[in-house]
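Have a look at the structure below, then the notes.
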Amino acid sequence: YKTGSITEGHRLMCASFSGIRQHIEDDLAKSFPERRRILQKAFQAHDAGDYELSVPVFLAQADGIAAEILGVSFYSRHRNKVREMGKKIKRIATDGLNEFLLNLVLEEWPLTASPRSPAYRQGELNRHEGLHGIDTHYAKELNSFRAMSRLQYAALFYEAKECSDRRSKKVG
């Protein structure tokens, strides 16, 4: 394949996530047993090609997981809430790489951008437009994997918090 091909990049992303899909579901079910049934149905919808169902459920659960851990919506762009997220990330980050990865949530991406933002890209999966019925063309395998990746990213916050809590108990 040629370097820089967006289509090839999308294909590789789908293939990669397809290979770890069961692992993602298993990890989420173990970490969030109260969400197990919802996540199981969303993954079943994804496997059946029902992306109209899997995409919004993955996005909503990612938001719920992050809000549970950070105390604020994953997608909030309000200055005070972003500052609050940044403080929480600093508290749970266990090293520089971990902090870097967690801080990515503070960046605006097409998924999280408002239509007025320079990060917004027409035709790409956007959480607000998908969950609020504005975009009716999001139902694609690629977008389901994108939403699944956001869900997996939200779980990273849980892992970081668990690690931070264990570290605090050792020190205390």
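Positions are given from 1 along the sequence. All heavy atoms count here, side chains included; hydrogens, waters and symmetry mates do not.
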inquiry  = Is it the case that the side chains of His23 and Asp27 hold a donor-acceptor pair, with the cut-off being a distance below 3.5 Å and no angle test?
reply    = yes
The single option from Thr112, Asp63, Asp135 passing side-chain hydrogen bond (donor to acceptor under 3.5 Å, both in side chains) against Arg127 = Asp63
inquiry  = Would the distance check show the side chain of Ser54 and the main-chain N or O of Gln44 forming a donor-acceptor pair, the cut-off being under 3.5 Å?
reply    = no
ask   = Linking I/L/V/M/F/W/Y whenever their side-chain heavy atoms sit closer than 4.5 Å, directly or via other members, would Ile65 and Tyr153 fall into one cluster?
value = yes
request  = Report, as yes or no, whether the 6.0 Å neighbourhood of atom CD on Glu34 holds more than 12 heavy atoms from other residues, nucleotides or ligands.
outcome  = yes
inquiry  = Tell me if a side-chain donor or acceptor on Asn126 pairs with a main-chain N or O of Pro110 at a distance below 3.5 Å.
reply    = yes
request  = Enter the distance from Lys140:NZ to Arg146:CZ here, rounded to the nearest 0.5 Å.
outcome  = 8.5 Å
inquiry  = Using the ring centroid of each side chain, check whether His10 and Phe145 are separated by less than 6.0 Å.
reply    = no
query = Less than 4.0 Å between a side-chain N and a carboxylate O, is that true for Arg21 and Glu25?
reply = yes
query = Are Tyr138 and Tyr51 near enough that their ring centres are under 6.0 Å apart?
reply = no
task = Tell me yes or no: between the side chains of Asp26 and Gln22, is some donor less than 3.5 Å from an acceptor?
result = yes
ask   = Do side-chain atoms of Tyr158 reach the backbone of Glu68 as a donor and acceptor pair under 3.5 angstrom?
value = no
message = More than 12 heavy atoms of other residues, nucleotides or ligands under 6.0 Å from NE2 of His137: yes or no?
response = no
request  = Look at the side-chain heavy atoms of Ile, Leu, Val, Met, Phe, Trp and Tyr, link any pair under 4.5 Å apart, and say whether Leu28 and Ile38 land in one connected group.
outcome  = no
task = Check each of Met13, Arg11, Glu124 against Leu142 using the side chain to side chain contact (heavy atoms under 4.5 Å, CB included) test, and report the only one that passes.
result = Met13
task = Indicate yes or no: does Asp165 engage Lys169 in a salt bridge with an N to O separation below 4.0 Å.
result = no
